[in-house]
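Okay, so here's the structure we're looking at.
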Amino acid sequence: MPLTTEQRMLIEMRVANESPSTATAYLLWIFLWFVSAHRFYLGRPGSAILQILCYFIVIGFVWVLIDAFLIPGMIRDKQDEIRRRLELEALR
């Protein structure tokens, strides 16, 4: 059974409320890059730990710069994850 328009609107409101903040992610990236705080905040602990380990070689510093461009996509992924969870809850 498909979701109603009202259920979809409620889900989108909850996604907006529960999703991580882009501003917070970038502040963590700027000030706490050396502990990969932005990746922990965005629910990616595995890659955060890998990134911290990579800081001991040059590639880690390049990776942290690349994250500046990846943060919006990570937030969209997190929002999609929340959206899927809420849609499954609404269908129950």
Side-chain angles (χ1 to χ4, degrees):
M1 173 166 78
L3 296 175
T4 65
T5 303
E6 183 178 305
Q7 287 174 316
R8 289 199 179 279
M9 287 175 51
L10 180 60
I11 286 171
E12 288 306 314
M13 286 181 2
R14 288 189 59 189
V15 166
N17 289 335
E18 294 180 26
S19 67
S21 161
T22 302
T24 301
Y26 274 109
L27 286 173
L28 290 170
W29 175 74
I30 290 169
F31 294 109
L32 296 174
W33 62 269
F34 52 91
V35 291
S36 299
H38 60 289
R39 284 190 169 266
F40 284 109
Y41 173 69
L42 295 172
R44 296 170 182 249
S47 63
I49 292 168
L50 183 60
Q51 192 173 56
I52 291 168
L53 294 174
C54 287
Y55 290 152
F56 294 106
I57 55 175
V58 175
I59 194 165
F61 293 107
V62 172
W63 191 0
V64 84
L65 293 175
I66 291 171
D67 271 353
F69 301 100
L70 296 179
I71 285 174
M74 288 189 261
I75 289 174
R76 278 191 302 278
D77 290 345
K78 190 70 170 176
Q79 288 171 337
D80 289 342
E81 178 185 315
I82 294 167
R83 187 174 291 110
R84 280 190 301 276
R85 179 179 50 86
L86 293 174
E87 285 176 358
L88 286 174
E89 288 176 10
L91 290 173
R92 289 184 192 167

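Starting from 1, each residue takes its place in the sequence as its number. Every heavy atom of this structure was used, including side-chain atoms; hydrogens, water molecules and symmetry mates were not.
- Y26 is not connected to F69 by any chain of hydrophobic side-chain contacts under 4.5 Å among Ile, Leu, Val, Met, Phe, Trp and Tyr, and they are in different clusters.
- Between R8 and E87, at least one side-chain nitrogen of the basic residue sits less than 4.0 Å from a carboxylate oxygen of the acidic one, meeting the salt-bridge criterion.
- The hydrophobic cluster containing L10 does not contain L3, counting ILVMFWY residues as joined when their side-chain heavy atoms lie under 4.5 angstrom apart, directly or transitively.
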### Task
Determine, step by step, whether T5 and M9 satisfy the side chain to side chain contact (heavy atoms under 4.5 Å, CB included) criterion, reporting the C-alpha distance in whole Å, the side-chain angles of both residues, the deciding distance to 0.1 Å, and the verdict.
CA-CA 6 Å; T5 303; M9 287 175 51; 4.2 Å; yes
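- By the rule that hydrophobic residues join a cluster once side-chain heavy atoms approach within less than 4.5 Å of another member, L65 and L50 end up as members of separate clusters.
- To the nearest 0.5 Å, atoms CD (E12) and CG (N17) are separated by 11.0 Å.
- Contact record, I71 with W29: CD1-CB, 3.9 Å, taken as the closest heavy-atom pair.
- The structure places CD1 of I82 at 7.0 Å from CD of Q79, a figure rounded to the nearest 0.5 Å.
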Side-chain atoms of residues 56-64: list all donor-acceptor pairs with protein atoms under 3.5 Å, sequence neighbours left out, distances to 0.1 Å.
none

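- Taken from OG1 in T22 to CG in L27, the straight-line distance is 11.0 Å, to the nearest 0.5 Å.
- Here the closest non-hydrogen pair linking F34 and F31 is CE2-O, 3.4 Å.
- Taking each heavy atom of D80 and R83 in turn, the nearest pair found is OD1-NH1, 2.8 Å.
- Side-chain contact between R14 and E89 is present, with at least one heavy-atom pair separated by less than 4.5 Å.
- Proximity of E18 to M13: side-chain heavy atoms (C-beta onward) are nowhere separated by under 4.5 Å.
- Within a 6.0 Å sphere centred on CZ of R76, other residues, nucleotides and ligands contribute 12 heavy atoms or fewer.
- V15 places none of its side-chain heavy atoms less than 4.5 Å from the side chain of E81.
- The minimum heavy-atom distance between L42 and K78, with the atom names listed, is O-CD, 4.0 Å.
- Heavy atoms from other residues, nucleotides or ligands lying under 6.0 Å from CD of E6 number 12 at most.
- Considering CZ of R39 and CG of L28, their distance stands at 13.0 Å, rounded to 0.5 Å.
- Heavy atoms only, all atoms of each residue included: A25 and Y41 are closest at N-CE2, 4.0 Å.
- We find the NE2-OG1 distance between H38 and T24 to be 13.5 Å, quoted to the nearest 0.5 Å.
- Nearest heavy atoms, I11 versus A90: CD1-CB, 4.2 Å.
- The side-chain heavy atoms of W33 and D67, taken from C-beta on, include no pair separated by under 4.5 Å.
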